[in-house]
Each structure stands twice: as C-alpha cells, then as structure tokens.
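Heads up: the structure comes next, in structure tokens.
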Amino acid sequence: MKIKIITLIFILSVSHFFAQKPTMDLADYVNTLQGTNSEFKITRGNTYPTTALPFAMHTWTPQTGENGNGWKYQYFKDEIRGFQQAHQCSSWTRDYAVFSLMPEIGELILSNKERGARFTHDNETAKPYYYQVKLENGINTEISPTERGAHIRFSFPKGKRAWIVLDGYIGTSEINIDIERNRITGYVRNGDGLKRFENFRNYFVIEFDKPFKTSGLWENQNNRILDDKLSKEGKGVGAYIEFKSGQKIHAKIASSYISLEQAEKNLQNELGNHKTFEVTKSNAKNIWNNHLSKILVEGGTEDQFKTFYSCFFRASLFSRKFYEIDDNGEPFYYSPYDGKIHKGYMYTDTGFWDTFRAQFPLNAMLYPEMHGRYVSALLDAKEQCGWLPSWSFPSEAGSMVGNHAISLLTDAWAKGIRTFDPQEALEAYFHEATNKGPWGPANGREGWKEYFQLGYVPYPEVREATAKTLEYAYDDFCGYALADMTNNKFYKDIFSRHMYNYRNVFDHSSGFMNGRNKQGKWKDNFDPFEWGGPFTEGNAWHYLWSVFQDPKGLIDLLGGEDNFNKKLDSVFSVPNKVVVGTYGGRIHEMTEMEMANMGQYAHGNQPIQHAIYLYNYSGQPWKAQSRLREVMSKLYSYTEDGYPGDEDQGQTSSWYVLSALGMYSVCPGTDQYVIGSPIFKKATITLENGNKFVVEGENNNMDNVYIQSAKYNGIDFTRNYIRYGEIMQGGKLSFKMSNQPNKSRGVKEEDKPFSLSK
C-alpha cells in the first residue's frame with residue numbers, strides 16, 4: 001500500500017511539475033522527427049529530422065530515400081542510406097547543393113540503392129543540436145551543426161573493415177582527395193532552381209581526424225570505381241575512404257557558395273576551435289536554448305510544451321541565410337538571382353504564398369533586425385533578376401499564386417521596420433502587378449491584363465483564376481497601404497481601384513466565390529465541394545474567406561453578421577466530402593481534410609488557416625476561442641504524425657506558435673494581431689529590444705478555453721486585437737479564462753480588428 005501511495009505522489013508531482021513551467025533545457029523538448037511520417041498520398045508535415053542552427057545556411061538529415069527522392073526521410077522506413085547536407089523546404093521540390101556521407105563496414109557498397117543499413121527509432125535521437133542513430137550493423141553516427149557546416153562522429157565496431165562513402169548526388173561534382181591532410185575538398189552542383197547559372201557551386205571541405213587506410217573515387221551513374229584517381233570532375237563523382245577498424249572518426253565539414261577558399265574560412269571560423277565533438281554539440285545546444293528561451297511558456301502539459309517547442313523550432317529554420325562572412329567580418333553572398341557575388345545579406349528557401357500569413361509576422365515580432373535585412377534583400381533580388389521573389393528555392397521559381405513580397409514589405413513598414421526605400425518597393429510591385437515573368441505563375445501575374453480590365457481574372461481562360469483574383473486584391477491592398485503610409489498619391493490611387501476586386505468574384509446566387517469567364521458568366525454546374533478549377537489546392541468552402549484586408553466587406557456580401565456567422569459555422573458542420581474536380585484524382589490535401597474530420601475546414605493547407613479568427617470581426621469572438629483550441633489540441637502534436645498536412649517552410653508551425661500565444665496575423669500589412677485563446681497559463685516573450693511581453697491565462701486549462709475578461713497593463717481590454725507597438729513596448733496582456741463563453745465581450749464595433757470597409 002505504501003508503494004502505491006508513493007507512486008501516486010510521484011505521478012502527481014510529475015504532473016504538477018509540467019503544469020508549472022519547464023526547467024530542463026528547452027531544446028530537449030523538441031522532437032525533430034515531428035511530421036516525418038509522410039508520403040505522397042498523405043502528409044503529416046513532409047518534414048525531415050533537421051539538424052541545424054536557427055535560420056542556418058545548411059542543414060543536415062539522415063537519408064532514407066534514394067538520391068533525388070523528395071521524401072528524404074520517412075518515419076516508416078527502416079534503412080538509412082546516407083547523411084545529407086540538405087536545404088529542401090518541401091518534398092514536392094527537389095533539393096539543391098546536396099552531398100551525403102555513409103559509413104559502412106565489411107564489403108564496400110557504393111550504390112545508394114543498395115547500401116542502406118537497417119535501424120530502429122529506439123536507437124535514434126533527434127534534437128535540433130544533435131542527431132544520433134546506431135545502425136543495426138553496430139555503426140553509431142552523431143551529427144551536431146554549425147551555420148555553414150557540421151561536426152560528425154562515426155563510431156565503428158571492431159573486427160570489420162570501416163568505410164565512409166561520399167556520394168556526389170544527382171548532378172555534377174568535383175572531388176579531390178588529400179591523403180596527407182586527411183581531407184576531401186570539391187564541389188557539388190545540383191538543384192533545379194540554379195540550372196540557369198553555370199557558375200553555381202556548393203564548395204565543401206571535409207576534414208577527418210584519422211589517416212586514410214585506402215581511398216579512391218567512384219561515380220554513381222554506374223556505381224563503378226575510378227581506378228588510380230584522387231581528383232576528378234564529372235556527373236555523380238564521389239569518394240570512398242577506408243579507416244582502421246574500430247575507430248571513432250570525426251569529420252568536420254563546411255560549405256560555401258562563393259569559393260573553396262571561403263569554405264575553408266567557414267570551416268575555420270565555425271569549427272576551428274572545436275577540439276572535440278562535445279564542444280560543437282554543447283555550443284549548438286546553447287544556441288538553441290537561448291533561441292527558444294525567447295518565448296518561455298509555463299502552466300501547460302508536457303505534451304503541450306513538447307508540441308510548442310517543436311513547432312517553434314520548425315518555425316526557426318526559414319528563411320535560410322544565404323550569406324557568408326568575409327575576412328573583414330562583413331556579409332557577402334553568391335546571388336541565386338544573377339549568379340554574381342554581392343555585399344550584404346540574402347535569405348532564401350521560402351514560398352511567400354505559405355509564409356506571408358504567419359511565419360514572417362512571427363519573425364517581425366521576434367527578430368526585427370533580421371526581418372529588416374530580409375525585406376531589404378527582396379529589393380536587392382529584384383535588382384538582380386528583374387522581379388520580386390515569390391518562391392525562392394533558392395532562386396525565383398514563381399510557384400503558387402499571388403505577389404506576396406509586397407505583403408512582407410508593407411507589413412514591415414506598418415510595424416516600424418523601415419530598412420528599404422518605399423518608393424523603390426512600390427515601383428517593384430507595380431512592375432510585378434503589370435507583367436508576367438518567365439518563371440512560374442507567381443513570377444509577375446498570370447491574367448494581369450484581364451484583372452485590370454475586368455476587375456477579376458477570368459475562368460476558364462486562366463487556371464486558378466478566382467484564387468488569383470482574391471490574392472491579387474489582397475496584394476493590391478498592401479500596395480495601397482504602403483503608398484498611403486508613405487504619402488505616395490500616385491500608387492495609392494492605382495491600387496485603391498483594385499483592392500476591392502474580391503467583390504467581383506462573389507456569386508450572390510450561390511453565396512460563394514466562384515469562377516466567371518470574360519463575358520461575366522459564372523462557372524456552370526457550381527459545386528462548393530469541388531476542388532481545383534478556379535481555386536488553388538482547395539474549393540469554394542476554403543476560398544470564400546480569402547478577404548484578409550476586408551472581413552467587414554465580406555460580412556456585408558454575405559448579408560450581415562448573422563448570416564456570416566452561420567456560414568462560418570457551417571464550414572465545420574457540413575460533410576467533409578471531396579469532389580476531386582479538375583484534379584482528376586485525389587491530392588493529399590483532400591485526404592488530410594477528411595482525416596481532420598472538421599467538416600470542410602482544411603487546416604492542412606494555407607487558404608483557410610485564418611478563417612476561425614474571423615469570428616472576431618463578426619460579433620462572436622468566443623467561437624474563435626473554442627475552435628482554435630480544438631484545432632491546436634486535435635491537429636497538432638510533437639510526434640511523427642505531428643501536423644495536419646504540409647509544414648510549409650515554417651508557416652504551419654508559426655500558426656501554432658502564434659495561436660498558442662493567443663494571437664494571429666489575419667491581415668499582414670497592418671500592425672494588428674487578432675486575439676484567439678492562449679493555451680498556457682503564462683508565456684513570456686523576450687523581445688529583441690530588451691522588453692518583455694507577457695501573456696497570462698488565469699485559470700487556463702484544457703477545458704477553460706473562453707476569455708471571460710482581459711486587461712492590458714492593468715487596464716480593461718475588450719479589443720479583439722493587439723497592436724505590434726503594444727507588444728514591442730513590453731507589458732502584460734492578462735486573460736481570465738473559463739469553460740463558459742462571455743458573449744458580451746469583444747462585440748462592440750471599436751473592439752473589432754481592421755477592415756477596409758470600416
């Protein structure tokens with residue numbers, strides 16, 4: 001009996017501990033396997049176990065897929081075939097600047113298809129600062145990162161030959177083996193986004209701490225050894241090295257896009273003083289602990305802590321640094337936009353269609369200096385390639401729809417981050433809005449002439465036309481807002497004519513956004529459950545709400561707040577059925593919506609992720625509070641099944657981080673974050689200016705999801721939004737939480753967030 005009582009006390013103590021605050025290292029809450037149980041037909045994040053520093057230029061991952069496979073690492077696979085330098089921001093796009101190392105014992109096996117070694121997750125550790133796996137053949141591999149490199153330790157069992165295979169991946173490579181210095185140097189050149197630049201190279205240096213017993217070159221086209229060669233350039237050239245059996249082999253690695261000499265400097269700057277692997281590991285852990293401590297949450301469950309910090313980690317990887325540091329300590333970079341070397345900062349690997357919504361508004365709050373550099377670099381990119389980026393991977397790909405660079409620029413200016421010339425930004429955006437570029441639908445504008453002439457993009461003349469109309473109208477609002485804030489009458493007049501164009505694709509007969517042709521006729525046989533056609537990766541249920549700049553105008557179109565709320569309620573109550581439409585077959589987003597089992601609410605993709613917050617505009621903010629908490633608890637976790645769809649370059653994670661803090665950026669380009677329902681009893685945000693902003697949730701728990709009352713710095717607070725400046729000056733936003741809604745709070749007109757029609 002005494003044992004049972006002691007056990008019960010221990011369980012209660014552990015529960016109480018996690019109901020208070022985390023005291024262990026924050027980086028250890030992170031599970032980098034979150035979202036890795038993904039495949040073509042359904043994704044739980046489409047992530048890989050990223051080992052990297054915050055916003056680092058290079059990341060590292062184990063490789064379960066074959067070379068060139070977008071699914072680098074899938075949780076259900078049981079073989080590893082390499083450890084890669086990686087940059088991939090989506091499984092749907094192939095990676096660039098990739099090479100891999102694979103340790104082997106016994107017989108040398110070169111082919112990436114045949115050299116896989118079995119492993120289990122019981123023998124795997126996946127943290128931001130440290131990845132470790134012991135393969136079933138006895139080889140233990142450990143990786144700790146730097147910004148432009150990594151420190152890897154391979155521990156080989158005794159009694160068998162020990163090899164490391166360097167694979168040059170799917171493009172051209174050059175390999176040079178330096179036996180005297182225990183080094184391999186060279187470059188790899190792979191990546192679809194950089195094919196237009198013949199001079200693109202990822203130069204690398206790999207420095208081993210043990211002598212080579214034997215070594216040589218091979219090529220992965222036919223998996224043959226290149227006899228008596230220590231240096232070669234060609235398609236898929238790699239290296240193999242044999243070491244004395246049973247040793248621990250350390251490999252220090254650094255890469256550069258600028259030159260081999262710069263790769264050497266990166267190695268010296270980042271790993272030169274790291275005499276042991278433990279030094280690199282400890283340094284990386286300290287960096288992550290400091291980074292994650294920018295938001296310290298208290299008063300949640302252990303699962304909530306793990307999910308929060310795993311999402312915060314994922315949100316802290318994008319956009320990636322693409323710059324390096326010269327001899328004078330100044331930044332410079334190889335430009336993926338013109339193939340030349342420039343002074344200054346550059347960031348890449350993000351798609352704005354996803355990330356303008358939450359990832360960049362989170363960055364603006366936590367890292368305004370970096371964000372200022374980022375938005376300034378957008379105009380440098382425009383100068384170098386002629387276009388504002390829309391999807392940089394790492395050069396402009398023009399994927400998806402919309403011209404959302406203007407959202408980032410306007411949002412930064414609205415929040416006081418003014419590191420660029422607004423006239424230059426408006427000119428760049430006007431060029432974007434009145435031309436079509438050569439690189440994908442969002443490089444410039446598809447249907448831009450018709451959009452200006454008709455007030456909408458016609459369908460079926462232009463694919464995904466209604467989605468484009470809605471996003472162009474939002475972007476035009478951002479152009480208008482930047483012009484308005486900077487007293488630029490010329491551009492203010494131009495964009496003010498188009499920011500209400502969402503009205504032109506609202507079909508009053510159906511009560512939805514719809515496609516219409518050049519003659520103004522609505523699409524025949526309208527079905528709001530039908531995917532594709534005039535919409536992008538969604539249907540009319542999802543795109544009805546894509547009026548970020550004017551929810552009040554949308555409310556009016558739907559016949560007032562009562563009708564609006566009934567329509568928004570019905571998103572969650574109608575069947576979760578799918579009509580595949582023009583896709584002709586299922587895409588994974590359809591399956592993910594069905595699995596979420598929340599009607600037509602498809603949180604696994606971006607178009608509807610803001611919709612729940614719209615209750616704050618329509619007099620029923622308590623519905624937002626309960627629905628948001630449902631989404632956070634039901635659709636997110638820290639596990640391999642951790643996301644309800646693609647974790648797109650930090651966007652889906654940033655949605656969770658902001659929402660867990662009790663706010664979200666419905667309309668970037670304004671200074672407002674719309675109120676939701678915080679999940680912790682206390683969250684302390686340490687701002688870059690040294691101030692602290694605290695969000696408190698008195699009586700907060702899994703049941704008490706409703707805001708009864710609120711105070712901001714001790715003063716009654718009824719607004720459904722808080723301003724960026726109020727956050728940045730520090731202070732306290734205190735909510736009193738309950739399991740019953742307060743239907744009289746936040747319902748006055750002055751409590752509602754920004755809408756153009758107000």
Side-chain angles (χ1 to χ4, degrees), residues 337 352-353 356 360 364 371-372 374-390 396 398 401-437 441-458 462 468-505 546-550 552-553 667-672 724 754-758:
Y337 298 105
F352 296 157
W353 184 79
F356 85 86
F360 284 104
H371 193 57
Y374 189 93
V375 293
S376 177
L378 294 176
L379 296 175
D380 293 333
K382 197 275 179 185
E383 180 69 22
Q384 292 159 20
C385 76
W387 302 88
L388 287 170
S390 65
E396 167 62 347
V401 300
N403 310 112
H404 299 313
I406 189 61
S407 173
L408 274 65
L409 290 158
T410 303
D411 192 60
W413 197 271
K415 292 169 178 170
I417 302 171
R418 299 177 176 179
T419 54
F420 60 92
D421 180 349
Q423 174 72 21
E424 184 182 350
L426 288 164
E427 290 173 357
Y429 175 61
F430 183 69
H431 172 264
E432 201 82 8
T434 56
N435 288 279
K436 175 66 193 75
N443 178 223
R445 279 185 175 172
E446 286 187 336
W448 70 268
K449 288 183 180 179
E450 295 88 345
Y451 174 79
F452 279 109
Q453 292 167 353
L454 302 171
Y456 62 92
V457 182
V462 179
K468 287 171 179 163
T469 299
L470 294 168
E471 306 220 17
Y472 295 170
Y474 163 70
D475 291 332
D476 286 346
F477 157 74
C478 291
Y480 161 84
L482 182 57
D484 185 42
M485 288 185 287
T486 57
N487 300 312
N488 190 316
K489 186 177 184 303
F490 176 76
Y491 286 115
K492 181 180 175 181
D493 289 346
I494 289 175
F495 297 123
S496 68
R497 303 169 200 165
H498 307 290
M499 60 188 178
Y500 293 102
N501 278 352
Y502 68 89
R503 297 170 177 168
N504 299 329
V505 289
S546 291
V547 188
F548 317 101
Q549 73 277 24
D550 197 14
K552 176 62 167 63
C667 185
T670 71
D671 66 347
Q672 295 182 3
Y724 178 84
F754 170 84
S755 283
L756 270 174
S757 292
K758 287 178 66 177

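Heavy-atom basis, side chains included; hydrogens, waters and symmetry copies ignored. For clarity, every value in this text was computed on a predicted model and none was experimentally measured.
If you take CG on Leu388 and OH on Tyr429, they are separated by 10.0 Å, rounding to the nearest 0.5 Å. Note that NZ of Lys415 and CD of Gln672 are 10.0 Å apart. Values are rounded to the nearest 0.5 Å. For the atom pair CZ of Phe495 and CG of Leu426, the computed distance is 6.5 Å after rounding to the nearest 0.5 Å. Here the SG-CG distance, from Cys478 to Asp484, works out to 12.5 Å after rounding to the nearest 0.5 Å. Separation of atoms CG (Asp475) and NZ (Lys468) is listed at 13.0 Å; rounding is to 0.5 Å. From Gln549, atom CD reaches atom OH of Tyr480 across 12.0 Å, with rounding to the nearest 0.5 Å.
The environment of Lys449 atom NZ is sparse: at most 12 non-hydrogen atoms of other residues, nucleotides or ligands sit within 6.0 angstrom. Around CD of Glu383, the count of heavy atoms belonging to other residues, nucleotides or ligands within 6.0 Å does not exceed 12.
The shortest heavy-atom contact between Gly669 and Thr410 is O-CG2, 3.8 Å. The two residues Val457 and Gly447 come nearest to each other via the heavy atoms CG2-O, 4.1 Å. Heavy atoms only, all atoms of each residue included: Asp550 and Arg503 are closest at OD2-NH2, 4.5 Å. Gly398 approaches Ser390 most closely through the heavy-atom pair CA-OG, 3.3 Å. The two residues Lys552 and Ser755 come nearest to each other via the heavy atoms N-OG, 3.0 Å. Nearest heavy atom pair, residue Trp353 against residue Val401, reads CD1-O, 3.1 Å.
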Practice prompt. Tell me, with the steps shown, if Lys382 and Asp380 meet side-chain contact (heavy atoms from CB on, under 4.5 Å).
Written response: CA-CA 5 Å; Lys382 197 275 179 185; Asp380 293 333; over 6 Å; no
Item to complete: Take Trp413 and Asp671 through the test side-chain contact (heavy atoms from CB on, under 4.5 Å) and record every step on the way to the result.
Response: CA-CA 9 Å; Trp413 197 271; Asp671 66 347; over 6 Å; no
Item to complete: Take Asp493 and Arg497 through the salt bridge (charged side-chain N to carboxylate O under 4.0 Å, His left out) test and state the conclusion after the steps.
Response: CA-CA 7 Å; Asp493 289 346; Arg497 303 169 200 165; 5.7 Å; no
Item to complete: Please report the C-alpha distance between Ser546 and Tyr502 in whole Å, then the side-chain angles of each, then the deciding distance to 0.1 Å, and finally whether the side-chain contact (heavy atoms from CB on, under 4.5 Å) criterion is met.
Response: CA-CA 9 Å; Ser546 291; Tyr502 68 89; over 6 Å; no
Item to complete: Please step through side-chain contact (heavy atoms from CB on, under 4.5 Å) for the pair Thr419 and Val375, ending with a clear verdict.
Response: CA-CA 7 Å; Thr419 54; Val375 293; 3.6 Å; yes
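Remark: side-chain polar atoms of Asp411 are not paired, donor with acceptor, to backbone N or O of Ser407 under 3.5 angstrom.
For Tyr337 and Trp387, the ring centers sit 6.0 Å or farther from each other.
Among Phe452, Tyr456, Tyr472, the one residue that satisfies the ring pair (Phe, Tyr, Trp, His ring centres under 6.0 Å) test with His498 is Phe452. For the pairing with His404, the ring pair (Phe, Tyr, Trp, His ring centres under 6.0 Å) check across Phe477, Phe356, Phe548, Phe352 returns one residue only, Phe356.
There is no side-chain donor-acceptor pair under 3.5 Å between Tyr474 and Asn403.
By the 4.5 Å heavy-atom criterion applied to side chains, Asn504 and Leu454 are not counted as neighbours. Between Arg445 and Glu432 there is no side-chain heavy-atom pair separated by less than 4.5 Å. Residues Tyr491 and Leu482 have side chains not in contact (no heavy-atom distance under 4.5 Å, counting atoms from C-beta outward).
Taking the six-membered ring where tryptophan is involved, the planes of Phe490 and Phe430 are perpendicular, since the angle between them exceeds 60° and thus also 30°.
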